[in-house]
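Residue numbers start from 1 in every chain, and the chains themselves are labelled A, B, ... in the order their sequence lines are given, proteins ahead of strands. Fair warning: this is a prediction, and the values are worked out from it, not measured in the lab. Every heavy atom of this structure was used, including side-chain atoms; hydrogens, water molecules and symmetry mates were not.
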Number of protein chains: 2
Amino acid sequence: MDDRPTRKALPRLDESLLTHLPPFSRLDRRQIRTILDQATSRRYEEGVAVFHEGAPAERFHLLLDGYIRVVRITPTGEQVTALHIPAGQLFGIAQALGRNTYPATAITAAESIALSWPMRLWQAFVTEYDGFATETYRTVGNRVGEMNNRIVEMATLRVEQRVATALLRLVNQTGRKVEDGIEIDFPITRQDLSEMTGTTLHTVSRLLSAWEKDGLVRSRRKRVTVRDPHALVELTQA
Amino acid sequence: MDDRPTRKALPRLDESLLTHLPPFSRLDRRQIRTILDQATSRRYEEGVAVFHEGAPAERFHLLLDGYIRVVRITPTGEQVTALHIPAGQLFGIAQALGRNTYPATAITAAESIALSWPMRLWQAFVTEYDGFATETYRTVGNRVGEMNNRIVEMATLRVEQRVATALLRLVNQTGRKVEDGIEIDFPITRQDLSEMTGTTLHTVSRLLSAWEKDGLVRSRRKRVTVRDPHALVELTQA
DNA sequence: TCCGCAGTTTGCGCTGCCGCAAATCACGCC
DNA sequence: GGCGTGATTTGCGGCAGCGCAAACTGCGGA
């Protein structure tokens with residue numbers, strides 16, 4: 001159980017990397033080979049931006065390992081996290097929706113590995129590869145759904161409920177089973193949680209302290225383990 | 001100046017209805033004729049649902065006249081308005097993003113006229129009509145952008161700023177120039193505004209009263225006129 | 001013309017959450 | 001092993017905005 005960050009190695013660009021991912025799962029080995037040959041792979045340290053809001057959308061990306069936080073920065077410098085993207089998904093695909101700049105900034109929430117392709121290949125992917133467009137749009141649809149949920153939450157839930165919801169979502173999406181519960185398997189600070197829920201790190205800290213006292217969660221620096229998910233669910237409905 | 005609701009007449013399904021709308025603007029008369037021949041047109045009273053959240057997405061729609069509010073209803077019965085759609089746009093197109101049920105309820109914010117087509121024609125439209133898919137996805141992209149803005153607003157702005165922002169957005173999207181300012185040209189209640197901003201109708205009422213006293217807005221029952229947009233913009237930044 | 005109701009206004013008290021401030025803690029580095 | 005920095009905790013005071021309640025008003029229908 002060593003938490004020391006082991007430097008992730010760039011994988012060999014092997015066909016098996018893509019075969020199980022929805023946008024590529026219908027393709028044959030030769031097609032995937034072509035796709036891989038056109039890709040650039042790169043490792044990103046934790047907290048690094050893959051691309052910035054407003055920059056021309058020159059490449060689209062596939063996250064092979066790690067996590068991405070999609071954030072926007074307000075005129076006053078506050079960050080708001082709009083979305084979390086787990087490994088295995090495309091990101092930076094605003095082009096598919098007719099945008100030519102990135103609408104938000106993508107920051108790695110943990111050390112990550114991503115492939116990317118120049119945007120000019122997008123059209124080729126869509127027309128040549130069966131199921132690519134459909135699956136991509138399905139991904140977009142899911143993200144739209146999540147955003148919609150976020151709006152409803154922000155409009156109707158109190159802070160405590162929002163933080164509980166955020167924790168549960170992270171646990172569901174990226175939870176790793178550990179001895180005494182489920183741990184969110186990337187580093188996450190009080191600040192991060194506050195940016196996801198529209199509150200302050202102080203309030204998040206108070207909530208986590210209270211929950212820890214009641215045995216609902218356990219948290220160390222940059223780490224959160226949920227011990228009693230059911231109790232958290234209760235909280236979201238209170 | 002008669003505000004009496006005059007019953008809107010169903011238009012003749014004339015080619016000119018569609019020629020200036022982006023998803024159809026590249027098509028020739030014959031194509032548009034075909035599209036119109038397959039369409040059903042219908043008038044909706046104010047406040048009527050065109051489709052309901054969770055229902056199978058059987059038809060997609062084009063709003064010819066009026067306004068649509070896209071709302072979601074929470075388990076506790078609260079309504080949250082996610083989006084406003086003005087005349088000229090497609091709606092109920094979740095299918096384009098791989099969904100097979102409607103993710104939200106569409107309610108007319110004013111008496112409205114809409115065309116609709118059965119979902120099975122969607123694929124045909126996409127493949128046969130040049131530019132249809134692209135423009136549709138562009139519309140989706142814009143809506144995603146708006147939703148993103150909503151999230152950022154909810155997370156960072158105070159209630160007063162959110163209500164001011166909502167008013168400005170409505171004025172920009174659907175404003176009609178009148179004698180002493182710009183009027184939102186469909187009926188809108190304090191309740192509606194509160195559902196757009198995640199607050200209560202009481203708070204909205206207090207804000208509007210205060211603004212009216214300062215000459216920023218003028219409001220009657222279900223009507224709001226913005227007299228000093230610039231001052232409202234100031235408010236959103238304060 | 002009158003009535004009823006949906007929409008609106010306003011007062012009052014309370015509290016959830018923020019802002020500020022300061023202390024403490026835990027990790028990585030030298 | 002000590003130090004510095006970033007992360008976390010906690011206390012305290014203040015107030016924005018909510019909940020509740022009650023009164024008012026303009027519009028449409030009978």
I need the [atom1]-[atom2] distance between [X] and [N], as an integer number of Å.
X: A:His202; N: D:dG14; atom1: NE2; atom2: P; answer: 18 Å
X: A:Arg218; N: D:dT8; atom1: CZ; atom2: C1'; answer: 16 Å
X: A:Leu201; N: C:dA21; atom1: CG; atom2: P; answer: 15 Å
X: A:Asp192; N: D:dG6; atom1: CG; atom2: C1'; answer: 13 Å
X: B:Gln161; N: D:dG17; atom1: CD; atom2: C1'; answer: 14 Å
X: A:Leu207; N: C:dG16; atom1: CG; atom2: P; answer: 12 Å
X: B:Leu157; N: C:dC17; atom1: CG; atom2: P; answer: 18 Å
X: A:Leu208; N: D:dT10; atom1: CG; atom2: C1'; answer: 14 Å

D:dG17 base / A:Arg158 side chain donor-acceptor hit below 3.5 Å:
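It does not, because no donor-acceptor pair links the side chain of A:Arg158 to the base of D:dG17 below 3.5 Å.
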Confirm from the modelled atom types if A:Arg220 and C:dA26 form a donor-acceptor pair under 3.5 Å, side chain to base only.
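When only heavy-atom distances are counted, A:Arg220 does not reach the base of C:dA26 through any donor-acceptor pair under 3.5 Å.
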Just N and O in the side chain of [X]: are any of them under 4.0 Å from OP1 or OP2 of [N]?
X: B:Thr199; N: D:dG17; result: no
X: A:Thr200; N: C:dC18; result: yes
X: A:Arg190; N: D:dT8; result: yes
X: A:Thr203; N: C:dC18; result: yes
X: A:Ser209; N: D:dT10; result: yes

Given A:Glu183, which partner from the list A:Lys222, A:Arg176, A:Lys177 fulfils the salt bridge (Lys or Arg N to Asp or Glu O under 4.0 Å) test?
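Between A:Glu183 and the candidates, salt bridge (Lys or Arg N to Asp or Glu O under 4.0 Å) is satisfied uniquely by A:Arg176.
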Name the residue closer to the 5' end of DNA chain C, choosing between A:Arg206 and A:Arg221 according to the nucleotide with the nearest heavy atom.
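Its nearest nucleotide being more 5', the pick is A:Arg206.
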So if I apply the side-chain contact (heavy atoms from CB on, under 4.5 Å) rule between A:Arg69 and each of A:Ile107, A:Ile188, A:Ile85, which one comes out positive?
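Filter result, single survivor: A:Ile107.
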Classify the ring geometry between A:His61 and A:Phe91 as parallel (under 30°), tilted (30 to 60°) or perpendicular (over 60°).
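Aromatic pair A:His61/A:Phe91 classed parallel.
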Between A:Tyr67 and A:Phe186, how do the two ring planes meet: parallel, tilted or perpendicular, split at 30° and 60°?
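Tilted.
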Is the shortest distance from a Lys or Arg side-chain nitrogen in B:Glu146 or B:Arg169 to a carboxylate oxygen in the other one below 4.0 Å?
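No, B:Glu146 and B:Arg169 are not salt-bridged.
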